[in-house]
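Note: hydrogens, waters and symmetry copies are ignored here, and every other heavy atom, side chains too, is used. None of these values were measured; they are calculated from a predicted model.
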Amino acid sequence: EGTVDTGIGFFNHMLELFKKHALVDLSVKDGMSSINYPRSTEYGFDEEQKAIMFKAVDADPNVTFVFDYGGQQHFAEDHGIIEIEYMIPTTNAGTSYETQLFLCAGDIKAPAAEAAVTGTLIADGQYHTLQINVKDLDFWQGLIHMVRFDYFSSSTAGDTVYVKAFRLTN
């Protein structure tokens, strides 16, 4: 028989979990409220996939996830890995896509080329988790303001990606 600590020990444990993971949960419809500043993008919640579907409608499609709102604060030093859980249908024009993330933390408050990282997304109709290690980047310091997700660097109008989660972790 165990007991549940609901005092300061429990609070400190939950605080540590919060610091370790900044999650944008896109597997539920409420996750759409995390999406800001869509550009060249149509998006909506797909009940069948249990994910947000992003569709490219023009060049340079992207969305932004804001992390310094509602009193929540996340610091780059606590989050050295970015994970994106995604699926790209085989009906898309390409078989892989380069994605670009513009990291806005500390003094960098708007997307800038010198504060960007890239990764490759696979278009095989299966879910994958892309992990990008950002812990050793000089510009990844301080309060995390936002991450702009340019999900396809090059695409055809109508190309889609389903995203279940966007995580900042360690």
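Across every non-hydrogen atom of Thr156 and Ala56, the tightest pair is O-CB, 4.2 Å. Shown here for Cys104 and Pro111, the closest heavy-atom pair between the two residues is SG-N, 3.5 Å. Nearest heavy-atom pair across Gln73 and Leu143 is CB-CD1, 3.7 Å. The nearest pair of heavy atoms linking Pro61 to Tyr151 is CB-OH, 3.3 Å. Residues Ala116 and Phe139 share a closest heavy-atom pair of N-CZ, 4.0 Å. Nearest heavy-atom pair, His79 versus Phe75, reported as atom, atom and distance to 0.1 Å: CD2-O, 3.2 Å.
Residue Met87 is not grouped with residue Leu26 when hydrophobic side chains (ILVMFWY) are merged at heavy-atom distances under 4.5 angstrom, including chains of intermediate members. Note: the hydrophobic cluster containing Val28 does not contain Val66 (ILVMFWY, side chain heavy atoms under 4.5 Å, direct or indirect links).
Side-chain polar atoms of Thr99 and Tyr86 form no donor-acceptor pair below 3.5 angstrom.
Classification of Arg39 and Asp60 as a salt-bridged pair holds, one side-chain N sitting under 4.0 Å from a carboxylate O. Residues Glu85 and Arg167 are paired through a salt bridge, judged by an N-O separation under 4.0 Å between the basic side chain and the carboxylate.
Remark: the backbone N or O of Asp30 is paired with a side-chain donor or acceptor of Ser33 at under 3.5 angstrom. Of the possible donor and acceptor atoms, one in the side chain of Asp124 sits under 3.5 Å from a partner among the backbone N and O of Gln126. Remark: the backbone N or O of Ala93 is paired with a side-chain donor or acceptor of Asp159 at under 3.5 angstrom.
The side-chain heavy atoms of His128 and Leu121, taken from C-beta on, include no pair separated by under 4.5 Å. Inter-residue side-chain proximity for Pro89 and Tyr162 is flagged as met; some heavy-atom pair is nearer than 4.5 Å. Proximity of Val163 to Tyr127: side-chain heavy atoms (C-beta onward) are nowhere separated by under 4.5 Å. The closest side-chain heavy-atom distance from Leu137 to Leu103 is below 4.5 Å. Taking 4.5 Å as the limit, some side-chain heavy atom of Ile81 sits within range of a side-chain heavy atom of Glu83. In this structure the side chain of Ser153 never reaches within 4.5 angstrom of the side chain of Tyr97, judged on heavy atoms. At a threshold of 4.5 Å between non-hydrogen side-chain atoms, the residues Ile108 and Phe102 do not count as touching. Proximity of Ile52 to Ile35: side-chain heavy atoms (C-beta onward) are separated by under 4.5 Å at one or more points.
With respect to Arg148, the side chain to side chain contact (heavy atoms under 4.5 Å, CB included) criterion is satisfied by exactly one of Val63, Thr64, Leu101, Asn36: Thr64.
Here CZ of Phe65 is found 11.0 Å from CD1 of Ile82. Values are rounded to the nearest 0.5 Å. To the nearest 0.5 Å, atoms OG (Ser40) and CG (Asp150) are separated by 10.0 Å. Glu47 CD to Lys50 NZ: the interatomic distance, rounded to the nearest 0.5 Å, is 4.0 Å. Atom CE of Met53 is separated from atom OG1 of Thr160 by 6.5 Å, given to the nearest 0.5 angstrom. Between Asn170 atom CG and Glu77 atom CD the span is 12.5 Å, to the nearest 0.5 Å.
No more than 12 heavy-atom neighbours from other residues, nucleotides or ligands sit within 6.0 angstrom of NZ on Lys135. The number of heavy-atom neighbours closer than 6.0 Å to CG of Asp138, taken from other residues, nucleotides and ligands shown, is 12 or below.
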Working for side chain to side chain contact (heavy atoms under 4.5 Å, CB included), residues Phe152 and Ile88
CA-CA 11 Å; Phe152 298 143; Ile88 299 175; 3.8 Å; yes
Test log, rule side chain to side chain contact (heavy atoms under 4.5 Å, CB included), inputs Ser96 and Ile122
CA-CA 5 Å; Ser96 70; Ile122 302 164; 5.6 Å; no
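Classified by interplanar angle (parallel below 30°, tilted 30° to 60°, perpendicular above 60°), the ring pair Phe149/Phe54 is perpendicular.
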